[in-house]
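Contents: one structure, followed by commentary.
Atoms considered below: every heavy atom in the structure, side chains included; atoms not considered: hydrogens, waters and symmetry mates.
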Amino acid sequence: MAGESKIMPRTGRPRSFDHDQAVVSAMHLFWTHGYEGTSLGDLRKAMGGISSASFYATFGSKERLFRKTVEFYLRTHGRVVSSLREGALRPRDRIEKALRLSAVMQTAGPHPSGCMVTLSALVSSADGAPVQAITADERSGNRQAIRDCVQQAVDDGDLRASTDVTGLSTLVDALLMGISVQARDGISSEAIDAAITQALNAWDANATATQLRHGDAGRRQ
């Protein structure tokens, strides 16, 4: 009838709904509580109380949302390890930069402590295997990048030919992932930074004279 207002069906999503902010809020929840420790109710509440129907219409599923949050994390906070693939840097410098920037990111800032890729899906039920694979693939990529740095250092003559590439790579990788637990447990950034220095000393113990001279020159600049 003329003059009557048209009643629109409710979508269950606030008019002020911000898709990008919803992804950030979800990322913080997954980062803090893990994938399985974060419920649909937690996610909906963090997004302003949207309905289940609106949640699924917007994100498809909890797993798809998790993938989105991991992608966002890797484009932002997770870029601290991008130096592992910076070909313009010498291998040792790539590793030191990744470790020290990771320590700063994981222990400071308004976001949760630790690394989302390490903590959010490390332990899960059998049904969570596809989600575990998302973060496991990222860790595997970083692990390979670290090994490539060590192997290149050997090939370039920065490290002795007798260097245990697997052992040194695993040491660096273990420290990189261990920073997450240390940060979550409240270990100071100064203590973690000192641990990084000790790991780099292990690298230097395998260095050739040429690499040591280069390192000394770089530290004097």
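- Side-chain atoms of Ser102 come within 3.5 Å of backbone atoms of Ala98 as a donor-acceptor pair (strictly under, hydrogens ignored).
- For the pair Gln106/Cys115, a side-chain contact is recorded, criterion being any heavy-atom separation below 4.5 Å from C-beta on.
- Looking only at distances, a side-chain donor or acceptor of Lys62 sits under 3.5 Å from a matching main-chain atom of Thr38.
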Start with the C-alpha gap between Asp155 and Gln151, add the side-chain angles, then the distance that decides, and say whether side-chain hydrogen bond (donor to acceptor under 3.5 Å, both in side chains) holds. CA-CA 6 Å; Asp155 294 342; Gln151 186 61 61; 3.0 Å; yes
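- Separation of atoms OG (Ser188) and CG (Asp193) is listed at 9.5 Å; rounding is to 0.5 Å.
- Going from atom CG of Leu175 over to atom CD of Gln182 covers 9.0 Å, rounded to the nearest 0.5 Å.
- A donor-acceptor contact shorter than 3.5 Å links the side chain of Asp18 to the backbone of Asp20.
- Remark: Gln144 CD to Ser169 OG distance equals 8.5 Å, nearest 0.5 Å.
- Within the 4.5 Å cutoff, the side chain of Leu200 has no heavy atoms near those of the Thr197 side chain.
- Residues Leu74 and Arg79 fail the side-chain proximity criterion, which asks for heavy atoms closer than 4.5 Å.
- Atom CZ of residue Arg64 and atom NZ of residue Lys68 lie 10.0 Å apart, to the nearest 0.5 angstrom.
- One side chain, Arg184 or Ser113, offers a donor N or O that lies under 3.5 Å from an acceptor on the other.
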Take Val150 and Trp203 through the side chain to side chain contact (heavy atoms under 4.5 Å, CB included) test and state the conclusion after the steps. CA-CA 9 Å; Val150 178; Trp203 176 290; 3.7 Å; yes
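- Taking OG1 from Thr166 and CG from Asp173, the interatomic distance works out to 11.5 Å, rounded to the nearest 0.5 Å.
- Inter-residue side-chain proximity for Val70 and Phe30 is flagged as unmet; no heavy-atom pair is nearer than 4.5 Å.
- With Thr163 contributing its side chain and Arg160 its backbone, the two residues share a donor-acceptor pair below 3.5 Å.
- Leu84 and Cys149 make their closest contact through O-SG, 3.5 Å (heavy atoms, listed as atom of the first residue, atom of the second, distance).
- Taking 4.5 Å as the limit, every side-chain heavy atom of Lys97 sits out of range of all side-chain heavy atoms of Asp93.
- With a 4.5 Å cut-off on side-chain heavy atoms, Met27 and Phe66 do not count as touching.
- A salt bridge links Arg92 with Asp204: at least one charged nitrogen is closer than 4.0 Å to a carboxylate oxygen.
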For side chain to side chain contact (heavy atoms under 4.5 Å, CB included), just list the numbers for Arg94 and Arg90, CA-CA rounded to whole Å, side-chain angles, deciding distance to a tenth of an Å, and then say yes or no. CA-CA 6 Å; Arg94 289 182 222 164; Arg90 295 176 76 95; over 6 Å; no
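- The closest donor-acceptor contact from the side chain of Glu63 to the backbone of Val131 lies at 3.5 Å or more, if one exists at all.
- Side-chain atoms of Ser180 do not come within 3.5 Å of backbone N or O of Thr118 as any donor-acceptor pair.
- By the 4.5 Å heavy-atom criterion applied to side chains, Met47 and Gln21 are not counted as neighbours.
- Judged purely by atom type and a 3.5 angstrom limit, Asp164 uses its side chain to pair as donor or acceptor with the backbone of Gly167.
- The main-chain N or O of Val23 is never found under 3.5 Å from a side-chain atom of His28 such that the two would form a donor-acceptor pair.
- Residue Thr32 holds its OG1 atom at 9.5 Å from CE of Met116, rounded to the nearest 0.5 Å.
- Using bins of under 30°, 30° to 60° and over 60° for the plane-to-plane angle, the ring pair His77/Tyr73 lands in the tilted bin.
- When side chains are defined from C-beta on, Asp42 does not count as touching His33, because their heavy atoms never get closer than 4.5 Å.
- Of the possible donor and acceptor atoms, none in the side chain of Ser54 sits under 3.5 Å from a partner among the backbone N and O of Ser51.
- The closest donor-acceptor contact from the side chain of Asp158 to the backbone of Val154 lies at 3.5 Å or more, if one exists at all.
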